[in-house]
Structures are given as C-alpha cells and as structure tokens.
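Letters A, B, ... mirror the listed sequences (proteins, then strands); counts begin at 1.
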Protein chains: 2
Amino acid sequence: MTKYTTSRILVSTMNSKLSKRTKLLDQGVYLLMNQGYHATGINEIVNAVQVPKGSFYSYFDSKEEFAAQAITHYMEPFIQLLTRHLQHSQVDPLSALKNYYAELIVAVEKNGYKGGCLLGNLMGEIGDTSERCNQALKSAIERYKALQYKALLQAQKEGTVRTDRSAEIMANLLVNNWQGALLRMKIEQSVQPLQEFCDTLLNDYFVAKSNLD
Amino acid sequence: MTKYTTSRILVSTMNSKLSKRTKLLDQGVYLLMNQGYHATGINEIVNAVQVPKGSFYSYFDSKEEFAAQAITHYMEPFIQLLTRHLQHSQVDPLSALKNYYAELIVAVEKNGYKGGCLLGNLMGEIGDTSERCNQALKSAIERYKALQYKALLQAQKEGTVRTDRSAEIMANLLVNNWQGALLRMKIEQSVQPLQEFCDTLLNDYFVAKSNLD
DNA sequence: AACATCAAGACGACCGGTCAACTATTAGCT
DNA sequence: AGCTAATAGTTGACCGGTCGTCTTGATGTT
C-alpha cells in the first residue's frame, strides 16, 4: 500500500508539471500569434497562467526555446485535424484536402481573421534572426507538407489529381501559398484570399483534366 | 546677389532636411526588414544615420508613423521597377511580368535570401496590432496589385493570358502567393519556392490555352 | 542534516516618448 | 544697418517603464 501511494503521488506531480508546461505553451501560442514574438514578454505569459516568473526557466531554457516549442505545439491540432480528414474512409484524398481547408476557413472567419497562422507570422518576424525558431518552423512546415504530399500522391493514383505536375511541387504550392493568403486575409479582414487560393489550386489547377467540369 | 544667396541657402536647408528624413527611412526599411518592428529600436535607426534621437520626432510623430511611412517608402523602387518592365515597348505584358519576377528572384538570391519582403513580414508581425501600419500595408499591396491587374488585363486583350479567370483574381493570386513563397524562401534558404510560384502561375495557370506548348 | 527544487526579485540592458535647456532664426525697434 | 526681444527648432538627459536571465533565499524531499 505504501508503494501504491508513492506511485500515485509521483504520477500526480508529473502530471501537474506537464499541465503547467502545456498551459504555458497554449498561452504562448495564443500571445505569439496575436502579438508576435518581440511584443510578447515572458511576464505576460506566466501571469496569464499563474506560474511564477522564476519558474519559467525550469520549463524552458530560454524565451527562444519556448517559442520553438510553441511552434511545434501549435502544429499538433492541425496535423491531427488534417490526418482525420485524410483517414476518412468515405472521402477521396483530394476532397479530404478540400474539406480540411474549408474547415480552416470557417474557423479563421469565426476568429475574426485575427492572428492568421503562427508559422507565417514568425517566419516573417524572426525567420532571419532566430536560428532555433527557424529550425522549428522548417520542421513544422515540412511535416505539414509531407501529409499533403502523401494525399496528393494518393489522389494522383486514384486519378483525381493531375499527374503532369509532381505531388511534391503541388504540396509546396499548397503550404506556401496558404501562408500568403492568410497574410492578405489579416489586412483585408476577409476570407476572400483564402477562397481564391482554394478555388485556384484545389478546384482547378490540381484537378486531373478528365475530372474537370 | 543677396537675394540669390538667400535662395540657395533656403534650398540647401530644405534638401538637407529631406535628405536626413530619407536616410532615416532607408535605414528604417533595412532594419525593419531584417529584424522586424519590435526588435528595431529608434536609437539603432538614428545612430546609424547620425541623427540625434530628439530630432527623430521632428521628422515622424511616432515609431508607428515612421514604420507606416517606411512601408510606403519601401514600395517605391518596386513600383518603379515593375512600371519600367511594363512600359518596355518590345515586351508583351505577360513577359514583362515574368521578367520582373525573374529579376526579383536574382536580387533576393544575391541578397542571401535575407529579409524577404517588408510587406509580408510586417503583415504577420503587426498586421493585427497597429492599425496605422495595417492601413499602409493595405495601400501598398493594393498599389502593387493594381499594376499587375492592369498588365494581366492587357495580356488578356492580347490573347496571351486566359480570359476564363478574372484579371482581378489573378492579380490577387500573384501578390498573395508571392508573399507566401518569400516566407518559405527565408526558412529554406532557397529560391525554389519562388521559382515554383512563377512556373505555376506565370508559365502555366495564367497562360491562354492556345499559347501553351 | 543534507540535498534538490522552486521562485521572488535583482540585474544590466533596452524601450518610446518627453521636455528643459540650448541654439538658430525672425521680427521689431532705433 | 545693427541690436534686442520674441519665436521656432533642436536635442541629450531623463522618465517610468519593460525586457530576458540569473541569483539566492525559501521551501520541499529524502
């Protein structure tokens, strides 16, 4: 019984520390996305989740390392959402991509066009000045692209996506151009740039000729 | 002769003030592009061009107003370069656009892929938090797009660009997606994203069917 | 008691903007 | 024309913060 009690306390401590760390990352993602890296101070992050300032460094080595991990943390829900769409057994890969982007468009509109995407924002702000974050951004984008690449490859096999352009290039176009459209959305306060992007690539350019209307 | 001398001094003073202001803007563009808005302090700007710090506020009302004007200042050479290409009497509008982007690609590669584009960077960093800069960004992008829209419209009339997609949407795609490609270029340290963008839109998607190989 | 972990506040640096003191220019007077 | 007072422009020190990181005393664990 002593052993069982010790084990429960140990698990509880670990979970509490993970929970605090997760809260910091959640809050970091939120603030970094809405304010940017340099305009977001550590005090604001820790105060928002009731973590003492001095404790920050027991979770993260530095602000830069924190941001790098916030980047990875930010991507998780997107990777999960896209994976779910792609694993939908009744939907072909191209339609799954379309559904995925359509769902994102609804979400950003609901969010009042604010923030856009953490990846694009930080690429612009600290892509040149933080090697660590640059690395995290690159990895995040690469993971995102790889999922879309696989989907396009499968769609090519199924005959719904053109084969005269490589799936690699098409996945790059999706990932890169989505970022540009999100930036424009932010200043125009409109999802029109996103819709134009989807129409152009997913409903037209990528579609195999035999599948076009 | 007294009148002539007074007139020369007056002109010289005006030119000196304009020259200092221009130097501040040039330096501001450079630093904002390489470091971002919040990581660039006013001291760094004024020190770089030997202007006393207190004088900064006789040129610009605030840091925010300065950045807004740096945005407009930054766009001038691009507008001029694009205009020159489009006014080239021996080149059709679509080829002029291609030549313009090809020239930019050479320039960013020569610059070591650094900075990217001030517009995209600041949209991501302060597009949500500075209304004044958001306005300047919007105007700058709109000006840039308008030039490209006119070129595409003319190209449609000449039969080199497809007509089943509006020139408006195509100009938007150019402007938005170029920003996304530049962000990716920054983290990948490669012009490949830019080249893929140009190949896709200018050499394929935009081209009238009868002009495709 | 000895050791490990936590965290409040100190550290040295930086921030944008203000303003008193100073300098330059203009207006008014003789 | 020359001088003085009034006005306009310039600017470096200052203001009241903020910043990320580190130190050291407090607290927790064994």
Side-chain angles (χ1 to χ4, degrees), chain A residues 2-3 5-21 23-25 27-28 31-32 35-70 122 125-126 129-133, chain B residues 1-3 5-21 23-24 27-28 31-32 35-70 122 125-126 129-133:
Chain A
T2 297
K3 185 175 174 183
T5 305
T6 303
S7 174
R8 284 183 63 180
I9 290 168
L10 180 60
V11 170
S12 172
T13 302
M14 280 177 59
N15 283 344
S16 170
K17 184 154 190 173
L18 284 178
S19 169
K20 285 228 176 97
R21 192 174 186 278
K23 278 182 185 166
L24 284 166
L25 288 170
Q27 189 64 26
L31 291 171
L32 291 172
Q35 297 173 175
Y37 179 81
H38 285 292
T40 300
I42 289 172
N43 254 346
E44 191 175 2
I45 299 164
V46 297
N47 286 343
V49 296
Q50 282 89 50
V51 167
K53 190 179 180 202
S55 299
F56 182 83
Y57 296 92
S58 64
Y59 300 109
F60 307 100
D61 286 345
S62 64
K63 182 184 181 181
E64 183 181 21
E65 183 60 32
F66 168 75
Q69 295 191 27
L122 294 187
E125 187 185 351
I126 55 178
T129 51
S130 163
E131 182 54 44
R132 177 69 187 88
C133 291
Chain B
M1 183 169 136
T2 296
K3 185 175 176 183
T5 305
T6 303
S7 176
R8 284 182 63 177
I9 291 166
L10 181 61
V11 169
S12 173
T13 302
M14 281 178 58
N15 282 344
S16 171
K17 186 154 191 173
L18 284 177
S19 169
K20 284 228 175 94
R21 191 174 186 279
K23 278 184 184 162
L24 283 165
Q27 188 66 26
L31 291 171
L32 291 172
Q35 299 173 177
Y37 178 83
H38 285 293
T40 300
I42 288 172
N43 256 345
E44 191 175 2
I45 299 164
V46 296
N47 287 344
V49 296
Q50 281 91 50
V51 167
K53 185 176 178 212
S55 298
F56 181 84
Y57 296 93
S58 64
Y59 299 109
F60 306 99
D61 285 345
S62 65
K63 183 183 180 181
E64 183 180 19
E65 182 61 33
F66 169 74
Q69 296 191 29
L122 294 187
E125 188 185 350
I126 55 177
T129 51
S130 163
E131 182 54 44
R132 178 68 185 90
C133 291

Send over the distance from [X] [atom1] to [N] [atom2], rounded to a whole Å.
| X | N | atom1 | atom2 | result |
| --- | --- | --- | --- | --- |
| B/F60 | D/dG9 | CZ | C1' | 17 Å |
| B/Q50 | D/dT10 | CD | C1' | 17 Å |
| A/N47 | D/dT18 | CG | C1' | 13 Å |

**Q.** Qualifying residues under ring pair (Phe, Tyr, Trp, His ring centres under 6.0 Å), relative to A/Y57, sequence neighbours excluded
**A.**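 With sequence neighbours excluded, A/Y57 shows a ring pair (Phe, Tyr, Trp, His ring centres under 6.0 Å) to no residue whatsoever.
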Q. Among all residues two or more places apart in sequence or in another chain, which pass the ring pair (Phe, Tyr, Trp, His ring centres under 6.0 Å) test with B/Y37?
A.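 With sequence neighbours excluded, B/Y37 shows a ring pair (Phe, Tyr, Trp, His ring centres under 6.0 Å) to no residue whatsoever.
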(Q) How would you summarise protein contacts on nucleotides 14-21 of chain C per nucleotide, using B for base, S for sugar-phosphate only and - for none, with heavy-atom distances below 4.0 Å? (A) -SBBB---
Going by atom type alone, with no hydrogens or angles, which donor-acceptor pairs under 3.5 Å involve a side-chain atom of residues 42-51 of chain B and a protein atom two or more places apart or on another chain?
unit_1 : atom_1 : unit_2 : atom_2 : d
B/E44  : OE1    : B/Q35  : NE2    : 3.3
B/N47  : ND2    : B/N43  : O      : 3.1

Q) How would you list all residue pairs meeting salt bridge (charged side-chain N to carboxylate O under 4.0 Å, His left out) that involve residues 54-66 of chain A, not counting sequence neighbours? A)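 Sorted result for residues 54-66 of chain A: A/E65-A/R132.
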Q.
What's the closest nucleotide to the side chain of A/S55 if the choices are C/dC6, D/dT10, D/dG12?
A.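 Of the candidates, C/dC6 comes closest.
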Q: May I ask you to decide if B/H38's main-chain N or O and B/E125's side chain share a donor-acceptor pair within less than 3.5 Å?
A: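 Yes; at least one donor-acceptor contact below 3.5 Å.
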Q) If only side-chain N and O atoms of B/S58 are considered, is one of them under 4.0 Å from the OP1 or OP2 phosphate oxygen of D/dG9? A)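 No, no such contact exists.
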Q) What closest approach, in Å, do A/C133 and A/S130 show between heavy atoms, and which atom pair accounts for it? A)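 Distance-wise, the nearest heavy atoms are N-OG, 3.0 Å.
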